[in-house]
S.K.: 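Handing you a structure now.
Just so it is clear: chains get the letters A, B, ... in the order the sequence lines come, proteins before strands, and each one is counted from 1.
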Amino acid sequence: MTETIQRHFIQQIIDADIESGKWGPPGDRSVITTRFPPEPNGYLHIGHAKAIHISHGIAREYGGKFNLRFDDTNPAKEEVEFVESIKRDLQWLGTKWDGEVCFASDYFGQMYDWAVELIEKELAYVDESTPEQIREMRGKVGEAGTDSPFRDRPISESVDLFAKMKSGEIENGKMVLRAKIGMDNTNLNMRDPVMYRVVNTPHHRTGDQWHIYPMYDWAHGLEDSIEGVTHSLCSLEFQDHRPLYDWFIDAINQGRSGDNKIHHPQQIEFSRLAISYTNMSKRYMRQLVEENRVDGWDDPRMITLASFRRRGYTPESIKDFVTGVGVTKFNAMTDMGRLEGALRDDLNKRAPRRMAVLDPVKLIITNWGDGGDVDRIEQMDAINNPEDDTAGTRQIPFGKELWIERADFMIDPPKKFFRLGVGREVRLRCGYWVKCHDFKQDGDGNITEVHCTYDPNTRGGNNPPPDEEGKVRKVKGTIHWVDAHDCIDAEVRLFDRLYKTEKPGKETGDHLDDLNEDSLEIRTGCKLEKTFQSVTPDEPQWPDGIRRFQFERTGYFCIDKDSADAKMVLNRTATLRDSWAKKHHK
RNA sequence: GAGGGAUUAGUGUAAUGGUAGCACGAGGGUUUCUGAUACCCUUAGUAAGAGUUCAAAUCUCUUAUCCCUUACCA
């Protein structure tokens, strides 16, 4: 059987480029250069992870280069905090950029010179119209715009005014530099687009050195060109900008020849990531943070990379997920469940097992003290991870009184309920088999105690020996537990989706209308096995330092940054799949 | 009312004129000291119509639907 390696459409374009020698000697793969160009105006989210993965993956695959470049062309919205968080997130993902971090602001001088060149070639002019007038003159879809009265001003006048804009003599909004392309273009982006505007705001890197800042369309292709990017990969909404991207580079190259021509990268667009029950809008996220509807940019319910990290997601699972969604031009809606699936796949293999009771009820073994040793504590062997032979074992205490999960006992259980009820027997994971004979309730009918007897022949969860007739007693269910006198109290945070609709904000236009008010449940008084914190030398370490566990039968958890020695705080990363619950919700 | 993209099982994604596959989901089963995991089985698709061709998911045309574009944001 021949294995066909599937190539997505961008890889196919690059394969063809390499064969034809478009960027260098035919067959030379190392010329391929990509970049990730975030604006430092917010935190990276899972959608960025897709973009990073595509561009970075291509550079690595071809043995080329991958740049991290901050597109810091708007000082009004950008902050150093975001530069730092973006670098941190990239490092967490395991994405290594080549060379030094790049900044668009490092190219401001070069861009300015090129802009002057365009003015001198009569391809750009300074416009003193107001923003409103410019919008008016741009026209509408389907009808042509009108020329600005400043469109044909003398070159020298534009050169002088542009210099004044640069030196800070002009107020915000009074003047812009525009490209002279044509006001009747069917593509509105091409109707004499603004190249520079005046922004008299200090820049987080260049301070007050500049008073004009380049617009995205003018800047982006030049940044790519300067860095020798071959394939400038971006999302679908930039398709209409590609003609402009090309126009600006062609305009600079107009009148140049040979080696004087600047490098002309190729922009290719792919569809951005969309996940049900979330919204990738930075504006929405910012609003949630600023209005304190969540606990900061790394609130575990958000979809920033920082929030996934805090919630306990692994970088590997995020990479697996974005790999799985593929690279196309189709506006796909990816099911949230796929992300959880990728997480479970990874954590199932790696997360050490522990026992924890989230909603505790006391279980009392009434025959425990029959030999007069009521306070006896036995140490039970427990396998740290059945999926990982190298993870070793640990010992956990077992005594007369245990905590079990409230949901594991029913007064009047249905036939298929494989847990406790009066007259039913279950296996306590790594412990003994216990049979229930009684229970206690408080005045409100809540269960307060479950009374059982244990079978000494079933230690360590093993099956008891066959009876005289050779029949082996069996038990259908296994439940988890924690020794009541030797355990740790903890706060556990359970998360549900932040939004209750598939496309937040779609219906009313305001995403806040779709906010799930019950997205956070804080449980206190949860009981963790005493040994939960002690990592045995056999157990794997997490490279990012986040401690992750599987609490058997309840899900994956990690230690939150709010934890202190006196108060343990855990986040539930994800539940385990639960076919029992699924069946009974129907 | 313009321009630019897109449309393949429920979802996502392959097949680039020559057998429509894969993954997830869903349903069922086996195994099991986690109702987890693992394994097995089942499930269902080329948006509609026309044309070119020996042959069309693939090329052409028409229609439908969805997304993007009317910032001195990126």
S.K.: Report the base-pairing partner of B:rU31 (Watson-Crick or G-U wobble, both distances below 3.5 angstrom), or none.
M.R.: none

S.K.: Check the angle between the aromatic planes of A:F532 and A:F549 and answer parallel, tilted or perpendicular using the 30° and 60° thresholds.
M.R.: tilted

S.K.: What is the nucleic acid contact for A:R338, judged by heavy atoms within less than 4.0 Å: base, sugar-phosphate only, or nothing?
M.R.: base

S.K.: Reckon A:K77 touches a base, only the sugar-phosphate, or nothing at all at heavy-atom distances under 4.0 Å?
M.R.: base

S.K.: Measure the acute angle between the ring planes of A:F398 and A:Y432, then classify it against the limits of 30° and 60° as parallel, tilted or perpendicular.
M.R.: perpendicular

S.K.: Hey, does the Lys NZ or Arg CZ of A:R548 hover above the aromatic six-ring of A:Y556, less than 6.0 Å from the centre and inside 45° of the axis?
M.R.: no

S.K.: Under the side-chain contact (heavy atoms from CB on, under 4.5 Å) test against A:L177, which residue among A:I119, A:L118, A:V198 passes?
M.R.: A:I119

S.K.: At under 4.0 Å between heavy atoms, what does A:V327 touch on the DNA or RNA strands: base, sugar-phosphate, or nothing?
M.R.: sugar-phosphate

S.K.: For the base of B:rA74 and the side-chain ring of A:Y216, does the geometry meet a stacking cutoff of under 5.5 Å between centres and under 30° between planes?
M.R.: no

S.K.: Under 3.5 Å for both donor-acceptor distances, Watson-Crick or wobble: does B:rA26 have a partner, and if so which one?
M.R.: B:rU42

S.K.: For B:rG12 and A:T334 - does any side-chain N or O of the residue sit under 4.0 Å from the phosphate oxygens OP1/OP2?
M.R.: no

S.K.: If I pick the P atom on B:rU16 and the same atom on B:rC68, what distance separates them, to the nearest angstrom?
M.R.: 31 Å

S.K.: A:R459 or A:V199: which one's nearest nucleotide on RNA chain B is closer to the 5' end?
M.R.: A:R459

S.K.: Take the protein atom CD of A:E502 and the nucleotide atom C1' of B:rU11, then report the distance between them rounded to whole Å.
M.R.: 10 Å

S.K.: Using a heavy-atom cut-off of 4.0 Å across all strands, would you classify A:E143 as base, sugar-phosphate, or nothing?
M.R.: nothing

S.K.: Give a yes/no on whether any side-chain N or O of A:K476 is located under 4.0 angstrom from OP1 or OP2 of B:rU32.
M.R.: no

S.K.: What orientation do A:W297 and A:F82 show, parallel under 30°, tilted 30 to 60°, or perpendicular over 60°?
M.R.: perpendicular

S.K.: Pick the P atom in B:rU65 and in B:rC59, then give their distance to the nearest Å.
M.R.: 23 Å

S.K.: Taking only N and O in the side chain of A:K582, is any of them less than 4.0 Å away from OP1 or OP2 of B:rG27?
M.R.: yes

S.K.: How far, in whole Å, is B:rU37 from B:rU32 if one measures between their C1' atoms?
M.R.: 9 Å

S.K.: Heavy atoms only, 4.0 Å cut-off, all strands: where does A:I134 land among base, sugar-phosphate and nothing?
M.R.: base

S.K.: Identify the residue among A:F248, A:Y245, A:F238 that makes a ring-ring contact (aromatic ring centres under 6.0 Å, His included) with A:Y216.
M.R.: A:F238

S.K.: Can you classify the ring geometry of A:Y213 versus A:H203 as parallel (below 30°), tilted (30 to 60°) or perpendicular (above 60°)?
M.R.: parallel

S.K.: Quick one: which of B:rU69, B:rU34, B:rG21 gets closest to the side chain of A:L188?
M.R.: B:rU69

S.K.: Under 4.0 Å between any heavy atoms, over every strand shown, what does A:V325 touch: base, sugar-phosphate, or nothing? Just pick one.
M.R.: sugar-phosphate

S.K.: Atom CG of A:D217 to atom C1' of B:rC72: distance rounded to whole Å?
M.R.: 13 Å

S.K.: Under 4.0 angstrom, heavy atoms only, what part of the nucleic acid is A:H220 near: base, sugar-phosphate, or nothing?
M.R.: nothing

S.K.: Mind calculating the distance between NZ (A:K583) and C1' (B:rA26) to the nearest angstrom?
M.R.: 13 Å

S.K.: Let me spell it out: for each of A:R7 and A:G461, pick the nucleotide of RNA chain B with the closest heavy atom. Which residue's pick is nearer the 5' end?
M.R.: A:R7

S.K.: Just to be sure I understand the rule, does A:F417 reach a base, reach only the sugar-phosphate, or reach nothing, if contact means heavy atoms closer than 4.0 Å?
M.R.: base

S.K.: Please state how far atom CZ in A:R429 lies from atom C1' in B:rA36, giving the value in whole angstrom units.
M.R.: 9 Å

S.K.: What does B:rG18 pair with, Watson-Crick or G-U, if both distances are under 3.5 Å?
M.R.: B:rC54

S.K.: Counting the atoms with a prime plus P, OP1 and OP2 as sugar-phosphate, which does A:K416 contact under 4.0 Å by heavy atoms, base, sugar-phosphate, or nothing?
M.R.: base

S.K.: Whole-Å distance between B:rA74 C1' and A:E269 CD?
M.R.: 15 Å

S.K.: Considering only the C1' atoms, how many Å lie between B:rG4 and B:rU70, rounded to the nearest integer?
M.R.: 14 Å

S.K.: Which one is paired to B:rG49, where only Watson-Crick or G-U wobble pairs with both distances under 3.5 angstrom count?
M.R.: B:rC61

S.K.: Any donor-acceptor pair under 3.5 Å between the side chain of A:R344 and the base of B:rU37?
M.R.: no

S.K.: Could you check whether the side chain of A:R419 and the base of B:rG35 have a donor-acceptor pair of N or O atoms closer than 3.5 Å, going by distance alone?
M.R.: yes

S.K.: So, is A:R577 near the phosphate of B:rA26, with a side-chain N or O under 4.0 Å from OP1 or OP2?
M.R.: yes

S.K.: Contact class for A:F238 (heavy atom, under 4.0 Å): base, sugar-phosphate, or nothing?
M.R.: base

S.K.: With P as the reference atom in both, quote the distance from B:rU58 to B:rU52 in angstrom, rounded to an integer.
M.R.: 15 Å

S.K.: Indicate the ring-plane relationship of A:F162 and A:Y112, choosing parallel, tilted or perpendicular according to the 30° and 60° boundaries.
M.R.: parallel

S.K.: Does a side-chain N or O of A:Q12 approach OP1 or OP2 of B:rA15 to a distance below 4.0 Å, or not?
M.R.: yes

S.K.: Can you find a donor-acceptor N/O pair under 3.5 angstrom joining the side chain of A:D335 to the base of B:rG25?
M.R.: no

S.K.: Could you work out the separation of B:rC61 and B:rU19 based on their P atoms and round it to a whole Å?
M.R.: 25 Å

S.K.: To the nearest Å, give me how far apart CH2 (A:W218) and C1' (B:rA74) are.
M.R.: 17 Å

S.K.: Distance criterion of 3.5 Å, no angle test: do you see the side chain of A:Q239 paired donor-to-acceptor with the base of B:rU69?
M.R.: no

S.K.: Using atom P of each nucleotide, how far apart are B:rC54 and B:rU11 to the nearest Å?
M.R.: 36 Å

S.K.: Checking all strands, does A:G173 fall into the base, sugar-phosphate, or nothing category for heavy-atom contacts under 4.0 angstrom?
M.R.: base

S.K.: Think A:T73 has a side-chain N or O under 4.0 angstrom from the OP1 or OP2 of B:rA74?
M.R.: yes

S.K.: Side chains of A:T478 and A:R429: is there a donor and an acceptor less than 3.5 Å apart?
M.R.: no

S.K.: So, do A:F418 and B:rG35 meet the stacking rule of ring centres under 5.5 Å and planes under 30°?
M.R.: yes

S.K.: Indicate, with a heavy-atom threshold strictly under 4.0 Å, whether A:R135 touches base, sugar-phosphate, or nothing.
M.R.: sugar-phosphate

S.K.: Taking the C1' atom of each, how far is B:rA9 from B:rA44, in whole Å?
M.R.: 4 Å

S.K.: Under 4.0 Å, heavy atoms only, any strand: does A:S579 hit a base, just the sugar-phosphate, or nothing?
M.R.: sugar-phosphate

S.K.: Look at all strands and tell whether A:P386 reaches a base, only sugar-phosphate, or nothing, counting heavy atoms closer than 4.0 Å.
M.R.: base

S.K.: Would you say the side-chain atoms of A:W218 and A:Y196 include a donor-acceptor pair closer than 3.5 Å?
M.R.: yes

S.K.: Only pairs with both distances under 3.5 Å count, Watson-Crick or wobble alike; so what is the partner of B:rU70 in this structure?
M.R.: none

S.K.: Hey, does the side chain of A:R197 come within less than 4.0 Å of B:rA74's phosphate (OP1/OP2), counting only N and O?
M.R.: yes

S.K.: Looking only at side-chain N and O atoms, does A:K506 come under 4.0 Å of OP1 or OP2 in B:rC67?
M.R.: yes

S.K.: Can you tell me how far P of B:rU34 sits from CG of A:L358, to the nearest Å?
M.R.: 19 Å

S.K.: Rounded to whole Å, how long is the line connecting atom CG of A:D240 with atom C1' of B:rA71?
M.R.: 15 Å

